[in-house]
Participant: 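Dropping a structure here in structure tokens format, bear with me for questions.
Labels below follow one simple rule: chain letters A, B, ... track the order of the sequence lines, proteins then strands, and each chain is numbered from 1.
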Amino acid sequence: MASDTETGFGWRANGDSAPGPGPDSDDGRGGTTMKTLARLCSRDEEERAAALEELSQGVLVCLGLDRPGSTRLGKETLLHLLRLARSCPLRDVRSRATELLRAAQEQGVEIPRALASGPSAFIPAKQILKDGPDQDILIESFLSLGRVDHVTMVMALHPAYLSCFLRTQHALLEMDGPLPRHWRHYITIMAAARHHCSYVVQQHSASFLEAGGDESWLSGLQNAPPKLRGLNPLNKLLAHRPWLITQLHIQELVYPGAELRWSLAELIHAVILMTHAHALCSFVWGCGLNPEPDHAGGHTFRPPSPGHPTRSPQSPANEDGRQELVDGAVEVEVLMKRMVELQEQQEEECTQEEMVTRFERERSESIPTALVRGAPPERLLHLMEDPDFRYEDFAPRGEQAPPTMRAQDYSWEDHGYSLVNRLLPDMGQLLDEKFQVVSNMTYHRMAMHEGVDTHTLRKALWNYIHCLYGIRYDDYDYGSVNVLLERSLKVFIKTMACHPEQTTGHIYHAFWRHFRHSEKVHANLIVLEARLQAALLYTLRAITHYMR
Amino acid sequence: MEKMSRVTTALSSSAISGRTMFCHLDAPANAISVCRDATQVVVAGRNIFKIYALEEEQFVEKLNLRVGRKPSLNLSCADVMWHQMEENLLATAATNGAVVTWNLGKPSRNKQDQLFTEHKRTVNKVCFHPTEVYMLLSGSQDGFMKCFDLRKKESVSTFSGQSESVRDVQFSMKDYFTFAASFENGNVQLWDIRRPDRYERMFTAHTGPVFCCDWHPDDRGWLATGGRDKMVKVWDMTTNRAKEIYCVQTIASVARVKWRPERKFHLATCSMMVDHNIYVWDVRRPFIPFATFEEHKDVTTGIVWRHQHEPHFLLSGSKDSTLYQHMFKDATRPVDKANPEGLCFGLFGDLAFAAKESLISGDANRKPYPGGDRRYPIFFFKKPDPTEQFAHVSSALSVFETDLDSNRMDWFVRTAQLYLLGGKPFAELCDHNAEVARELKRPQVSTTWTMLRIMFSDPANIATSGPNHLSKLGTLPLMNSFNLKEIGSGIGNESRLERNKGDIRQDNVHLEPENISNNNEENEETEGSEGQAEYMFGDAELDDDDLYSMEHDNQTEEQECTLPQEAFQLRHDILDNPSAPEHLQQDKADSPHVSGNEAEVTCLTPIESFSLISISQPLFTPDLPASFFCPIVREMLSYYAEKGDVQMAVSALIVLGERIRKEIDDLTQEHWYTSYIDLLQRFELWNVSNEVIKLSTCGAITCLNQTSTTLHINCSNCKRPMNSRGWICDRCHQCASVCAVCHHVVKGLFVWCQGCSHGGHLEHIINWLKSSPHCPAGCGHLCIPPSRRAAPSLATPDSAGPPLPRSADADHKQGRAVNPKKKSGQRESQRDERAVRLHEVLT
């Protein structure tokens, strides 16, 4: 798990050079720190104050104890402090952690320093703080999860969505369910590895170990139980070409005679976990999330060197594409006009031929997404099979184009929901809520305009993503996708939905140049959910066919 | 309504006939509709739009409406309806939002009449007005309903539901101007067709989408709705607020609901997912479908009663590309298979029993229940309904009240605890049990035990050994009054543990070499699963001296001990038994069990000596061999079992052992055992039940002890699960369980206080607590509360039996081997750390 930026750091105090999360093997102290940290998340303010006091006492004692070495202050603890100092929504905790770090530094301890200036490489940190006034939800998330990660911070721009996202994620990973907890995290890791998303992988690796998982599984798929490995083909398809999933794939996993069989409930659970992780990866890449301060690649123990701003290679590229704001305003005007036109326009009579052509045109329009990022880090490679399997542009019409799925024949509302709820009670409801929140969320504004009905735009985004995944709505005119979604936006959407690991700052900044960042995050959320639903629908349809 | 009745008269009784039949369609159907005179049916789907004639024996394709070289999406139908007044008129709803009408009277091949493309999204439903020829209503995914006058080019009025997705629209049968619309958000709205600005009434009918609704064909203002929440609800719309009057819970989301003609309370439903059957419900009987049609192989998408006054024909279309006509007489009637009996215990032991009257009427003693005759719910009296076709199941309810005193089960508990089932010579056991029964004032049972002793044992033996034992009972420490078997196994355990430490006791020298060479891992993994003997092992970790002394005691003084005569038989039983955990066989091969073997060795002597005695010594009456009594005894046992005293039957069975076992067939025995064990467990007599399981000779029973025997433990230091075997925690590298007294690792019985969770070796803790009521770890906890201190029952052989064996019972459940196949994914951490609750020992 060694990360290349860290090989040079001068901190080798107790010979433990394996960075990254893991069981704290320093001494007994790690355990007490963990406990104190857990108490920091108490809902009782006095309890929190006491824990904070205990934490600082502990750190100060360590600092004072044997002065020259100060080796007793574990690296884990330092990283926890860093994380608290940077992301805790509680002001007192934040400032105390900062003080402690400073105190440690004065005592000559090498203290870690976060590499990134905010949760996202694309969105200025100030913007997030300014636009996200809703501290309550962050505090709530801190108290229940013990941390406020970058995903939460960015999503907090849309609190209505964040709360149901967290609810679903919690139910998926922590609540009662057919799969053991460490498996759930491992499945998420497997899924995230497909999109080279080390952010999600690292986060769940920590949770995986916390849930009692075997560390060796993390070093490679071959160490995981064969039953888990059996998910690989499905994982692969779900991530890149869900339309290829058939009942045979399901049958392979649940066929009564097969060894290591999956029960349908387990399978549904795993499928939702995987689709959730894939979609989350899209979001992480699409918003350019930086590694957490306590992740590998999220911090350094080196002092900052002037002139050369250190940048983690694992955080997305930080290009700034905001120079061309000049004619951005014009674009918004044009878009507004088109939306109004579309809404007023009488349904023009066009043949099915024409409708199909429009759909196929959108589906196979060649959007250059081939800005190939280097091969994924070695450790992620170990977590997947067949790493070259990718999303594939649909062949031009007629040449073995995979069959389209008709939304009217298998929809989430009518079919998917019932199946999920049958096999994994409550999950259907949670997902349903999430889909509804995303499809109805609007602030009635667009860039600098207020009071806009953005319905058509949101619909176009959603349907375009489904179109990329081969799902077709009979009652939608795909011509409007072309009208409403400018090319740079399409590039972004397609990259995010199909090759999220290739998202760059340039792509992010190139579209909707006059829009707020929160609006771009909104678009990201639509991609996340639309993608999740598309992959889910294909699998659920396959399962329905299997059950028939 | 007048028109309708005219239709009825127009229909001669012989007009409709037919049989259950089906035909293949070319493509999955989305909806079907039938024409007024019930002679033709139209099937519509994404790729199909055809009319079939219903003939006597078959469906005949009449017309394909899907014409044109490249059929347009307007032909991709979500719904279809045939006008009930005008037989040439049809309407379809297309997935692309078009509403199309068709005129079959047109001379051209293309029968398309009108096309309305006003809806933006998929149209889910079209509905003709029941009495008005030119009025058509549509409901669409875009949240709008539109009313069309077919003489005009466009809609005459638009109704906005103010929400996404209209799922169904239905004109009322009662009010000319009213229609109902159901929505995806769970609401149902009532509209007046003349007032498009606002709905008349709205209520929330379901959680989640309401997929369908249907007005009752009689003019009663009843509306049935079905939703994704798997419910069918019937609403009375005549009152000010819509009132739910019936609710049927089905097993899958309800896609369609249709009232059955001429049957006031019947409706048919089909589901959208997973369940392919069509159910006909009597809404007053919501728990069981009145009839079921099970022909379809994929979800049923459309159902329609063939004729609006003919209740016996149902048509259905399905995604499996078939069109069916179901005859009611061919339907499955789930009620026939239902169990109409019910049984329930009241709080104070009263027993209520409801069963078919026919079953009970024979019983002359039955008195009607004073609470009133509940056989008929009131509405049955009001008006016996000729349409009520439910099998008349009238059941009689009997309530058996219990006399509280006579029903006290104290005697059962006492008896269970006091009976001795093994560990002593037969005669002594009988005497003891007879005495127990006598003290509990059960003379008949007492006499039976005495009789058994006389029948089966030899008098000389009784005379000599009887008193001997009685005296011993008083003096020996508890342990010794327990089975020899247990001691043998105790030794096994100890030796095994000792072996872990690498010092093999001398006693083990006589073992075969391969036993010794076993590695410890296997030993722990599969510990204690071979045969009878090691069920007991691990009773206690005792000082070697104690064990030795006891062993000698037993061997010298209690030569006649009967016990493990089952040991050999049993091993085969288990092996033959398919339900026994698989690892047994492997066990057998590896045979890592010092304990097993040693137990056999120690047991061997007593068995042989006993058999020698019983055979070689002359019986009291030489011409009455023991087998002479067998039939009587068998009858006696059956008598007790029948009478309900299965305790006696099982106890005697165990005590008699081989003497009677062959006489009673295995199934009966097993039945008795299970009943008794069940009873014991209900009284929470776990130890006794375990002893019975242990002593039983039925393979099926002894297996019981081998299930759920996994014990997951966490490290006491770092509180994480102990994954590996052994005593050291992987993570914190400390010994997990340390005795608070001697500070050594406890391997074997671990006793802990539930108050402070400190503990250690059983012996050490017992000794410690003799001298101090406080926790040995120095945590200050008062492990023996003052109230308990008065009666330190640790060392006294009180009624129930010695604490140690009890602990042994407890650990059978916990310390045993894991079936490795049980859960493949989870790592079964498995330790042979025995756990006994200190408090349990103390009571």
Participant: Using non-hydrogen atoms only, which part of A/Asn421 is less than 4.5 Å away from chain B: side chain, backbone, both, or neither?
Facilitator: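 When you check distances to chain B, no heavy atom of A/Asn421 falls under 4.5 Å.
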
Participant: Just checking A/Asp176: does its CG atom have more than 12 heavy atoms from other residues, nucleotides or ligands closer to it than 6.0 angstrom?
Facilitator: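 No, not enclosed.
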
Participant: Out of A/Asn440, A/Leu419, A/Asp432, A/Asp414, return the one with the most heavy atom pairs under 4.5 angstrom to chain B.
Facilitator: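 Answer, by heavy-atom pair count under 4.5 Å with chain B: A/Asp414.
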
Participant: Name the region of B/Glu184, side chain, backbone, both or neither, that has any atom closer than 4.5 Å to a heavy atom of chain A.
Facilitator: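 Contact with chain A involves the side chain of B/Glu184 alone.
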
Participant: Is any side-chain heavy atom of B/Arg46 closer than 4.5 Å to one of A/Asp474?
Facilitator: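 Yes; the side chains approach each other to less than 4.5 Å.
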
Participant: Can you tell me which portion of B/Met273 sits under 4.5 Å from chain A's heavy atoms? Options are side chain, backbone, both or neither.
Facilitator: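 For B/Met273, the contact with chain A is made by the side chain alone.
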
Participant: Does any non-hydrogen side-chain atom of A/Gln436 lie less than 4.5 Å from one of B/Asn185?
Facilitator: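 No. Closest side-chain heavy atoms not under 4.5 Å.
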
Participant: Looking at A/Tyr417 and B/Arg228, what are the two nearest heavy atoms and their distance?
Facilitator: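 Closest approach of A/Tyr417 to B/Arg228: CD2-NE, 2.8 Å.
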
Participant: Output the distance between atom CG (B/Asp298) and atom NE2 (A/His545), rounded to the nearest 0.5 Å.
Facilitator: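 That separation rounds to 7.0 Å.
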
Participant: Can you measure from CD (A/Gln429) to OG1 (B/Thr207) and round to the nearest 0.5 angstrom?
Facilitator: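 Interatomic distance, A/Gln429 CD to B/Thr207 OG1, rounded to 0.5 Å: 7.0 Å.
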
Participant: Under a 4.5 Å heavy-atom cut-off, does chain A meet the side chain of B/Ser76, its backbone, both or neither?
Facilitator: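 Interface part for B/Ser76: side chain.
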
Participant: Output yes when a side-chain donor or acceptor of A/Asp475 lies under 3.5 Å from a complementary backbone atom of B/Arg121, and no otherwise.
Facilitator: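 Not confirmed, A/Asp475 side chain does not pair with B/Arg121 backbone.
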
Participant: Show the nearest heavy-atom pair for residues B/Val274 and A/Met547, with the distance to one decimal.
Facilitator: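 That would be CG1-CE, 3.9 Å.
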
Participant: Taking only Lys NZ, Arg NE, NH1 and NH2, and the carboxylate oxygens of Asp or Glu, determine whether B/Asp275 and A/Arg422 approach each other closer than 4.0 Å.
Facilitator: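 No, B/Asp275 and A/Arg422 are not salt-bridged.
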
